[in-house]
Participant: 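Quick one: structure below, then a few questions.
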Amino acid sequence: MSSSVVPRLRFAPSPTGYLHVGGARTALFNWLYVKKYGGQFLLRIEDTDKARSTDESTRAIFDGLTWLGLDWDEDVVYQGANLERHRADAERLLANGTAYRCFCTQAELAERRAAAEANKESFKYDRRCDRLDPAEIARRVAAGMPYTVRFRVPEGTTSWDDLVHGEIAFPNKDIEDFIILRTDATPIYNMAVVSDDIAMRITLVMRGDDHISNTPKQIMLYRALGAELPQFAHLPMIHGLDGKKLSKRHGATAVGDYQHLGILPGAMLNFLALLGWSPGNDVEVMALDQMVELFSPDGLQKKAAIFDPKKLEWMNGQHLSLIGAAELLDRVVPALVRAGLSTEAEIAGRRDWMLALLDLLKVRARTIDDIVRQATPFFSEDIAYDADAEAKQWKDRPATAELLGSVKETLALLPAWEPAAMEEALRALAERLGFGDKAGKIFQPLRVALTGLGVSPGIFEVLTMLGRERSLARIDQAVAHLAAPARS
RNA sequence: GGCGGUAUCGUCUAGGGGACUAGGACACGGCCCUCUCAAGGCUGGAACACGGGUUCGAAUCCCGUUACCGCUACCA
């Protein structure tokens, strides 16, 4: 490839489902390549299978890529809109003698295939229609006999230097004369892809390695069409925890699933990038711009990788602390609103408080959903006392009520609502009550009183974020709850 | 079956002839920190699929075997 050529890469999904994590990763590597070396990243929707393609899937692909931040250049290309050109290209091959008409019917073909299988022989089209004499062909065409167009596979070997695998070679004798145009004159996949990739002036075809065996056929088509060959890079597949190709039964496989699970797009991208690529040192957690900087096709893996949701979660936790509070806020607010905990206006009204709260919560959260869960007691006065927390920290209910009463008294006396003073006063109280330096005996029951939960940020941070009024009210509320007859 | 691809801890990977008693990360266990949970720090167990070559020397190169994956449609 001459260095003067501007790289043009494309991501070409079929809109037959949702944007799969494997597809997203393919898109990511294409995108990274373009961002790293310059060039254009194009999107082509391969919607020629009308039976399976849906507009909804197309939208899911756009939404998924947009959420991930993988923006594409130029207008989206819809393969279905190029049928005429595909056909014209196939007919050019017929005209230049590299393809021929085949009058064999599907039924005949199926029969011969079955017969070959019965004899334990591998079936390959025997080229009988290529031996028809021209007069006979003309007669059949004139008679309106239906035909497909087959590509005549030449002698020799077809090979290419794959960007991730190196040299790959296929003996042409193993490839049959494949159909490029159906009886109804619509193109077969390989024909459509090559026609489009040429028209889009694609210089590097980077796709899943399930296309490796399509590649020699496509290369022959390029040559027969007199087009310049692009480079090829075949990326490994993604498998599920059981080592099988990732599919629905492995749980969430659509990018949108992770979006709704509270995963950050940056974390998703980072995780996906590491599945099949490594920067070569021990760097793992990267922001998108770092990935671009570090990206190189040399680091691309040949081996299929297994999708491990545990590591994705960990990665998300890392990105939660990596991104700024402001950016995180943009992601959390919609989730908070959706959970019915607050409104955008309310949050905007106390943005600084919200930012401070986020800083406290994000350390112990792995997903945005975790944050929402933990944020609940800071938004809702309707405290739901966690049964386990009550059982553990409020064992002796009357004694706890009394303890909380003392805590409230102590806190109420504080001249300033300030952490150092709280801690000093509460530790002194622990001392007085005979807990010695085991101030946790106060902190823990108090945590349950304030949040209803056994887990929260540091107790003084909780008190601070809640403020004096709400904190004291919460203690009263807890004391009342403790006095009420237990209704488990 | 034919053809093609792949093969380092359970998982993601570093490694591209000597620096390897094979490094990092996730997960798992222990310890520290500590008001809970996280985070963080320290730490433990855990791998070169097998067999032949080549070489003074192989996780690294070559050849077989095995296993897994993909393709083998008038699907994409």
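Naming convention: chains lettered A, B, ... in sequence-line order (proteins, then strands); numbering from 1 in each chain.
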Participant: Please produce a list of atom pairs where a protein N or O lies less than 3.5 Å from an N or O of nucleotides 43-49 of chain B.
Facilitator:
none

Participant: Identify the residue among A:Arg101, A:Arg150, A:Arg152 that makes a side-chain hydrogen bond (donor to acceptor under 3.5 Å, both in side chains) with A:Asp130.
Facilitator: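 Option passing the side-chain hydrogen bond (donor to acceptor under 3.5 Å, both in side chains) with A:Asp130: A:Arg152.
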Participant: Hunt down the Watson-Crick or G-U wobble partner of B:C20, both distances under 3.5 Å, from any strand shown, or write none.
Facilitator: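 Here B:C20 is not engaged in any pair, so there is no nucleotide opposite it.
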Participant: When the P atoms of B:U6 and B:C61 are compared, how many Å lie between them, rounded to an integer?
Facilitator: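 Comparing P positions in B:C61 and B:U6 gives a spacing of 12 Å.
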Participant: When rounded to the nearest Å, what value does the distance between P atoms of B:G23 and B:G45 take?
Facilitator: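 Going atom to atom, P in each nucleotide, I get 11 Å.
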Participant: What is the distance from CD1 of A:Ile175 to P of B:G70, rounded to the nearest Å?
Facilitator: 20 Å
Participant: Where the side chain of A:Ser57 meets the backbone of A:Gly17, is there a donor-acceptor pair that is under 3.5 Å apart?
Facilitator: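 Checking the backbone N and O of A:Gly17 against the side chain of A:Ser57, a donor-acceptor pair under 3.5 Å is found.
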Participant: Could you please name the partner base of B:C37, counting Watson-Crick and G-U wobble pairs only when both distances are under 3.5 Å?
Facilitator: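 Check on B:C37: unpaired, no WC or wobble geometry under 3.5 Å.
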Participant: Assess whether side-chain contact (heavy atoms from CB on, under 4.5 Å) is satisfied between A:Ile45 and A:Gln79, documenting all intermediate values.
Facilitator: CA-CA 6 Å; A:Ile45 303 294; A:Gln79 190 161 59; over 6 Å; no
Participant: Just name whichever nucleotide pairs with B:A14, Watson-Crick or G-U, keeping both distances under 3.5 Å, else none.
Facilitator: none
Participant: If we take the P atom in both B:C63 and B:A7, what is their distance in whole Å?
Facilitator: 14 Å
Participant: Do the charged groups of A:Lys392 and A:Glu390 touch, with an N to O distance under 4.0 Å?
Facilitator: no
Participant: Does the distance from a Lys or Arg side-chain N to an Asp or Glu carboxylate O, for A:Glu313 and A:Lys310, drop under 4.0 Å?
Facilitator: no
Participant: Mind checking ring pair (Phe, Tyr, Trp, His ring centres under 6.0 Å) for A:Phe123 and listing every partner two or more places apart, or none if nothing turns up?
Facilitator: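 Counting only residues at least two positions away or on another chain, A:Phe123 forms no ring pair (Phe, Tyr, Trp, His ring centres under 6.0 Å).
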Participant: Just name whichever nucleotide pairs with B:C3, Watson-Crick or G-U, keeping both distances under 3.5 Å, else none.
Facilitator: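 Base partner found: B:G70.
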Participant: In whole Å, what is the span from the NE2 atom of A:His211 to the C1' atom of B:U72?
Facilitator: 15 Å
Participant: Considering every strand shown, what is the Watson-Crick or G-U wobble mate of B:C61 when both distances are under 3.5 Å?
Facilitator: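 The base-pairing partner of B:C61, which may sit in any strand shown, is B:G53.
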Participant: So, OP1 or OP2 of B:G40: does either fall under 4.0 Å of a side-chain N or O from A:Gln318?
Facilitator: yes
Participant: Between B:G24 and B:A47, how many Å separate the two C1' atoms, rounded to a whole number?
Facilitator: 14 Å
Participant: Which whole-number value in Å describes the distance from A:Asp209 CG to B:C68 C1'?
Facilitator: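 In whole Å, B:C68 C1' and A:Asp209 CG are 13 Å from each other.
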Participant: In chain order, what residues pass the ring pair (Phe, Tyr, Trp, His ring centres under 6.0 Å) check against A:Phe103, with sequence neighbours excluded?
Facilitator: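 A:Phe103: ring pair (Phe, Tyr, Trp, His ring centres under 6.0 Å) contacts with A:Tyr147.
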Participant: With a 4.0 Å cut-off on heavy atoms, is A:Gly208 in touch with a base, just the backbone sugar-phosphate, or nothing at all?
Facilitator: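 Since no nucleic acid heavy atom lies under 4.0 Å of A:Gly208, the category is nothing.
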Participant: So does A:Asp197 pair up with A:Arg44, basic N to acidic O under 4.0 Å?
Facilitator: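 Yes, this pair counts.
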Participant: Under 4.0 Å, heavy atoms only, any strand: does A:Ala169 hit a base, just the sugar-phosphate, or nothing?
Facilitator: sugar-phosphate
Participant: Once ring pair (Phe, Tyr, Trp, His ring centres under 6.0 Å) is applied, do any residues pair with A:His239, and if so which ones, sequence neighbours excluded?
Facilitator: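 Result, ring pair (Phe, Tyr, Trp, His ring centres under 6.0 Å) vs A:His239: none returned.
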Participant: Give the rounded distance in Å between these two atoms: CZ of A:Phe123 and P of B:C3.
Facilitator: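 In whole Å, B:C3 P and A:Phe123 CZ are 18 Å from each other.
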Participant: Expressed in angstrom and rounded to an integer, what is the separation of A:Gln79 atom CD from B:C75 atom C1'?
Facilitator: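 Distance, rounded to whole Å: 12 Å.
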Participant: Touch check for A:Thr105, heavy atoms < 4.0 angstrom, all strands: base, sugar-phosphate only, or nothing?
Facilitator: base
Participant: Return each pair, listed once, that meets ring pair (Phe, Tyr, Trp, His ring centres under 6.0 Å) where at least one residue sits in residues 417-455 of chain A; pairs must be two or more places apart or across chains.
Facilitator: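 Ring pair (Phe, Tyr, Trp, His ring centres under 6.0 Å) check on residues 417-455 of chain A returns A:Phe443-A:Phe460.
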Participant: Can you sort out which residues in residues 177-195 of chain A have a heavy atom within less than 4.0 Å of RNA chain B? Ascending by number, please.
Facilitator: A:Ile179, A:Arg182, A:Thr183, A:Ile188, A:Tyr189
Participant: Using the C1' atom as the point on both nucleotides, what is the distance between B:G10 and B:C56, in whole Å?
Facilitator: 38 Å
Participant: Any chance you could list the contact pattern along nucleotides 14-25 of chain B? Use B for base contacts, S for sugar-phosphate-only contacts and - for none, protein heavy atoms under 4.0 Å, 5' to 3'.
Facilitator: S--------BBB
Participant: Applying ring pair (Phe, Tyr, Trp, His ring centres under 6.0 Å), name anything that partners A:Phe151, two or more places apart in sequence or on another chain.
Facilitator: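 Partners of A:Phe151 under the ring pair (Phe, Tyr, Trp, His ring centres under 6.0 Å) test: A:Phe178.
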Participant: Go through the side-chain N and O atoms of A:Ser195 and A:Arg92 and say whether any donor and acceptor fall under 3.5 Å apart.
Facilitator: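 Distance-only check fails for A:Ser195 and A:Arg92.
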Participant: Dump the intermediate steps for side-chain contact (heavy atoms from CB on, under 4.5 Å) on A:Ile175 and A:Met220, then the final yes or no.
Facilitator: CA-CA 11 Å; A:Ile175 302 170; A:Met220 291 184 231; 3.5 Å; yes
Participant: Using the P atoms only, state how far B:A39 lies from B:G17, rounded to an integer number of Å.
Facilitator: 39 Å
Participant: Counting only Watson-Crick pairs (N1-N3 plus N6-O4 or O6-N4) and G-U wobbles (N1-O2, O6-N3), all under 3.5 Å, who is the partner of B:G45?
Facilitator: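 Across all strands, not a single nucleotide pairs with B:G45.
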Participant: I'd like the C1' distance from B:G57 over to B:C20, given in whole Å.
Facilitator: 13 Å
Participant: Would you mind building the protein contact string for nucleotides 30-36 of chain B? One character per nucleotide, 5' to 3', B for base within reach (heavy atoms under 4.0 Å), S for sugar-phosphate only, - for untouched.
Facilitator: -----BB
Participant: Going by the ring pair (Phe, Tyr, Trp, His ring centres under 6.0 Å) test, which pairs reach into residues 290-324 of chain A, not counting sequence neighbours?
Facilitator: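 Qualifying pairs: A:Tyr258-A:Phe307, A:Phe271-A:Phe307, A:Trp277-A:Phe295.
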Participant: Respond yes when some side-chain nitrogen or oxygen of A:Arg113 is under 4.0 Å from OP1 or OP2 of B:A73, and no when none is.
Facilitator: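 So the side-chain polar atoms of A:Arg113 do come within 4.0 Å of the phosphate oxygens OP1 or OP2 of B:A73, strictly under.
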Participant: Under a 4.0 Å N-O cut-off, is there an ion pair linking A:Glu431 with A:Arg427?
Facilitator: no
Participant: Would you please test A:Leu181 and A:Ile188 for side-chain contact (heavy atoms from CB on, under 4.5 Å) and show each step?
Facilitator: CA-CA 6 Å; A:Leu181 219 51; A:Ile188 284 296; over 6 Å; no
Participant: When you check the gap from the basic side-chain N to the acidic O, do A:Arg128 and A:Asp126 get nearer than 4.0 Å?
Facilitator: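 Salt bridge between A:Arg128 and A:Asp126, a charged N being under 4.0 Å from a carboxylate O: yes.
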Participant: Given B:A38, is OP1 or OP2 found less than 4.0 Å from the side-chain N or O atoms of A:Lys362?
Facilitator: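 No.
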Participant: So, A:Lys362 and A:Asp359, do they make that salt bridge, N to O below 4.0 Å?
Facilitator: yes
Participant: Looking only at atom C1', what distance separates B:C50 and B:A67, rounded to whole Å?
Facilitator: 10 Å
Participant: Among residues 145-165 of chain A, which ones have heavy-atom contacts with RNA chain B below 4.0 Å?
Facilitator: A:Thr148, A:His165
Participant: Can you tell me which residue pairs pass the side chain to side chain donor-acceptor pair (under 3.5 Å) test with a partner in residues 169-181 of chain A, sequence neighbours excluded?
Facilitator: A:Tyr100-A:Asp177, A:Arg127-A:Asp177, A:Thr158-A:Asn172
Participant: If each of A:Phe307 and A:Cys102 is mapped to the nucleotide of RNA chain B with the nearest heavy atom, which maps nearer the 5' terminus, i.e. the 5' end?
Facilitator: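 Here A:Phe307 is the residue nearer the 5' end.
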Participant: Could you check which of B:A73, B:U6, B:G10 has an atom nearest any side-chain atom of A:Lys302?
Facilitator: B:U6
Participant: Return whichever of A:His239 or A:Phe103 has its heavy-atom-nearest nucleotide of RNA chain B closer to the 5' end.
Facilitator: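 Residue closer to the 5' terminus by nearest nucleotide: A:His239.
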Participant: Considering only side-chain heavy atoms of A:Ser122, which listed nucleotide, B:G4, B:A27, B:G2, is closest?
Facilitator: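 Selected nucleotide: B:G2.
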Participant: Given atom CZ of A:Arg373 and atom P of B:A38, what is their separation to the nearest angstrom?
Facilitator: 14 Å
